[in-house]
Colleague: 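Have a look at this one.
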Amino acid sequence: MMMEQKLNKEIWKAVQFHPLFQGVDERTALSLVEECEAITYGRKEMMLQADTPRQGLLLILQGIAEVFVKNAAGQEEVLECIQKGEIVGFSSLADFLGLAKKTQTTVEVRAVEDVQALLIPFTVLAKRWDDQNVHDYLLTQVSIRLKDVYGSLAEQVKMAKGIGEGETILARVQDLMSDKIASVAPDESIQEAAQRMVEGKTSSVLVMEGGDLKGIITERDIVGRVVAKGLSFDKPSRLVMTENPVTISRLAYYYDAFSEILLKGIKHLPVVDDGKVSGIVTLTDLLRKKNDSVMRTIKKIEGADEASLPEVKTAIYEITDTLLRDRVPAFVLLDIVTKLYDRLIGRAVELSIAALGAPPVPFAFYLMGSAGRGEQFMLTDQDHFLVYEETREHGYFEKLGAEITTRLEAAGYARCKGLMMSSEEHWRGTVLQWQERVRKWMLQSTNENLLLAQNFFSYRFAAGSEQLNDEFETKITELLERSKIFLYRMVQAEREQEIPTLDEPIRALFKLGRKSIDMKKEILFPFHHSLQILSLYYGGIPGTPLEKIARLEEKGIFTEGFTEDLKEAFSHVLDLYIRQKWGNSGGSTVLSFATMSTRQKDELILSLRTLRELQGMVFARFSV
């Protein structure tokens, strides 16, 4: 009994200034609190489920919860985030007031982190209903919530309608696919497969056995694997089919299908759900929804010469702008655009070699910075270096570095102000020279050397010898195994630029005098550096941030739950960053809170907490 009274007094202290309890004497307040129920929820625990009658309002005392709904495909859409001092359950007020028939709710509430909440039953609300302050508070909160909901709804309508010619890139594959499937059995002849294509007026045929998809045969396969090689048309279809073809779900979005086709170099996607084939979607189907600017750009890059290199930037920018207007997720956008820029880089290297002749020894060309991370949606300064095998002909690679730099400049990449380019002596060399260079950075960890190392370790192999790349990465990894002090120095530098916290409710930020945040300097750079340090500590993991995150999960450093949270937070911040920089004529990376919706602000708070958690892991790993 004493414990219960003590708990009630603690709850009363926590809520005494809340409008629902404010203005009543302590004895009355304690009697009201006795009717309430204090509940603790763990991280990711469900607080309120769909189609479950509400018993009252939930007041958040500590932590953050999210309100979400599941669509027809079972995918979750977060509607809003609820923080300390805010209430969940306004939709049930109409039931409480007797203004609507009892209805089953479709929204659900889940704890984002550990949450302490107070369930305020409707009996308590009834006792406070005559207080005008309670009326004013509830009316204000419902009005704010209604405004946010309408704002979010307006954003969704714009998203759905603002895609050229009234078409939406958020269309489902099932709306684009053909359910007329041409198929053959594995042992039926190639002649029969070709005949089915003719009869179905299609450019591909699926190879099926007992309802299971075994492969696919396309017109290109008939020409390349049969006609060109003189193979008899009487042979079984299984000999020329592509086994285990790439497939897609009927509930996937347009951009998912478009990305698969573009990035994997295919033109036909069988539509499969739960092992059952329901149709096929082709490049032609997708291009009916969208013009073929991406494919034309790829052809333009592959055929680019000295004169046409400058045209490529414009073509890629047009695609980027289209993807942004179509609200394609940040990771998908960067995946598509990075592949285009990689083709451009490869073409510049090809043209440079064509001008100089074949290299005397194998080489590897690497990108750094945003290009190395696969995040270059706008052409920024050049950041790259060359590695080559031992040779006496260093002059060739001096010329190659200069040629590549000149061609990239012609394509729209400005020369690096810090001269971090393969045209410079310190950014090219043999594997041994690079070993010595990196060892020097590690032994002499000055601020300048740390800056060079941070940029260097964002590298990504772009062109040249894969075998040399493997040798180079092995040598660098060997250095890292003996350089923990160097990593400690990198961590010390990061302590000076911690990711900011916005723990206060976003509406209070203006009172604190903080009205903006630099997405690049205050969030992305510290995030990338923290992820990079962990990757170096656990074996020198190269690649894009997503590849590094995946490898750290494989190694057991990140849990599955944290990995998903981290990717979601990174995606959200990237999306804000890309749209901020693309939409700003000066390329500013400073985001003003005044331009953000309430939902965007809430999501930013959650994202920063997750990114700070990553940074905290790094600080803890290298604590003194």
Side-chain angles (χ1 to χ4, degrees), residues 262-263 291-325 328 330 332-356 365-386 399-424 427-428 455 458-464 519-520 524 544 574 577-589:
L262 169 66
L263 303 180
N291 62 54
D292 60 348
S293 59
V294 173
M295 304 310 294
R296 284 190 285 105
T297 300
I298 290 175
K299 291 180 180 179
K300 181 176 289 187
I301 293 172
E302 292 177 343
D305 55 21
E306 310 292 342
S308 61
L309 270 178
E311 300 173 8
V312 174
K313 174 183 175 180
T314 302
I316 296 179
Y317 270 35
E318 288 175 355
I319 291 169
T320 304
D321 190 62
T322 298
L323 295 173
L324 281 168
R325 284 189 287 105
V328 170
V332 176
L333 181 150
L334 290 176
D335 204 11
I336 293 173
V337 175
T338 294
K339 288 294 191 297
L340 294 175
Y341 281 136
D342 283 355
R343 287 175 181 265
L344 174 58
I345 295 290
R347 184 57 181 160
V349 173
E350 287 176 1
L351 290 172
S352 299
I353 292 175
L356 297 175
F365 181 72
Y366 296 86
L367 301 173
M368 298 182 293
S370 59
R373 294 189 297 268
E375 296 173 12
Q376 194 168 66
F377 58 96
M378 297 177 72
L379 290 189
T380 55
D381 293 354
Q382 297 185 43
D383 279 298
H384 48 78
F385 63 90
L386 267 175
K399 294 176 183 177
L400 180 61
E403 288 283 343
I404 293 173
T405 300
T406 299
R407 282 174 172 76
L408 290 180
E409 185 178 22
Y413 287 89
R415 287 177 180 258
C416 177
K417 295 178 182 178
L419 300 180
M420 298 182 188
M421 304 173 291
S422 56
S423 56
E424 307 303 313
W427 290 96
R428 63 174 184 270
N455 203 46
S458 67
Y459 72 78
R460 181 167 60 89
F461 175 65
M519 303 290 290
K520 185 175 183 179
L524 285 174
T544 65
L574 263 184
Y577 170 71
I578 291 171
R579 295 183 188 285
Q580 168 65 22
K581 190 167 183 180
W582 187 264
N584 191 297
S585 57
S588 173
T589 61

Colleague: Measure the CG-CG distance between Leu419 and Asp383 for me, rounded to the nearest 0.5 Å.
Modeller: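 Rounded to the nearest 0.5 Å, the CG-CG separation comes to 11.0 Å.
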Colleague: Check Asn455 against Ser458 and note the closest heavy-atom contact, atom names and distance.
Modeller: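 Scanning both residues, the minimum pair turns out to be O-OG, 2.6 Å.
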Colleague: Taking atom OG of Ser352 and atom CG of Leu408, what is their separation to the nearest 0.5 Å?
Modeller: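 So the gap between those two atoms works out to 7.5 Å.
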Colleague: If I take atom OG1 from residue Thr405 and atom CG from residue Leu386, how far apart are they, to the nearest 0.5 angstrom?
Modeller: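 Output value for this atom pair is 8.5 Å.
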Colleague: Do Leu344 and Tyr413 come close enough that some side-chain heavy atom pair is under 4.5 Å?
Modeller: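 Yes. Closest side-chain heavy atoms under 4.5 Å.
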Colleague: If every non-hydrogen atom of Arg428 is compared with every non-hydrogen atom of Ser423, which pair is closest and at what distance?
Modeller: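 Closest heavy-atom pair between Arg428 and Ser423: NH1-O, 3.0 Å.
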Colleague: Side chain to side chain contact (heavy atoms under 4.5 Å, CB included) for Thr406 and Arg415? Distances and angles first, verdict last.
Modeller: CA-CA 9 Å; Thr406 299; Arg415 287 177 180 258; 3.6 Å; yes
Colleague: Is the ring pair Trp582/Phe377 parallel, tilted or perpendicular, if the boundaries are 30 and 60 degrees?
Modeller: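 Tilted: the ring planes of Trp582 and Phe377 meet at 30° to 60°.
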Colleague: Considering all heavy atoms of both residues, which atom of Thr338 and which atom of Gly374 are nearest to each other, and what is their separation?
Modeller: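 Heavy atoms of Thr338 and Gly374 come nearest at OG1-O, 3.0 Å.
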Colleague: Give the intermediate values and the outcome of side chain to side chain contact (heavy atoms under 4.5 Å, CB included) for residues Leu524 and Arg373.
Modeller: CA-CA 12 Å; Leu524 285 174; Arg373 294 189 297 268; over 6 Å; no
Colleague: Starting at OG1 of Thr320, measure out to NZ of Lys313 and round the result to the nearest 0.5 Å.
Modeller: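 So the OG1 of Thr320 and the NZ of Lys313 are separated by 11.0 Å.
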Colleague: Roughly how far apart are Thr589 OG1 and Ile578 CD1, rounded to 0.5 Å?
Modeller: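 The OG1 atom of Thr589 sits 13.0 Å away from the CD1 atom of Ile578.
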Colleague: For Ala410 and Pro310, work out which heavy atoms get closest and say how close.
Modeller: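 Result for this residue pair: O-CG, 3.4 Å.
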Colleague: Out of Met368, Glu424, Met421, His384, which one pairs with Cys416 under the side-chain contact (heavy atoms from CB on, under 4.5 Å) rule?
Modeller: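 Testing each of Met368, Glu424, Met421, His384 against Cys416, the sole residue satisfying side-chain contact (heavy atoms from CB on, under 4.5 Å) is Met421.
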Colleague: What are the two closest heavy atoms between Phe365 and Ser422, and how far apart are they?
Modeller: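 So the two residues come closest at CE1-OG, 3.8 Å.
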Colleague: Identify the heavy atoms of Arg407 and Leu309 that sit nearest to each other, and give their distance.
Modeller: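 Closest approach of Arg407 to Leu309, heavy atoms only: O-CD1, 3.8 Å.
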Colleague: Mind checking whether Trp427 and Tyr366 have ring centres under 6.0 Å apart?
Modeller: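 Judged by ring-centre distance (under 6.0 Å), Trp427 and Tyr366 do not meet the cut-off.
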Colleague: Quickly, which of Ile345, Ile319, Val312 forms a side-chain contact (heavy atoms from CB on, under 4.5 Å) with Leu340? Name it, please.
Modeller: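 Single side-chain contact (heavy atoms from CB on, under 4.5 Å) partner of Leu340 among Ile345, Ile319, Val312: Ile319.
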Colleague: Let me confirm one number: the OG1-CG distance from Thr544 to Leu334, rounded to the nearest 0.5 Å.
Modeller: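 With rounding to 0.5 Å, OG1 (Thr544) is 10.0 Å from CG (Leu334).
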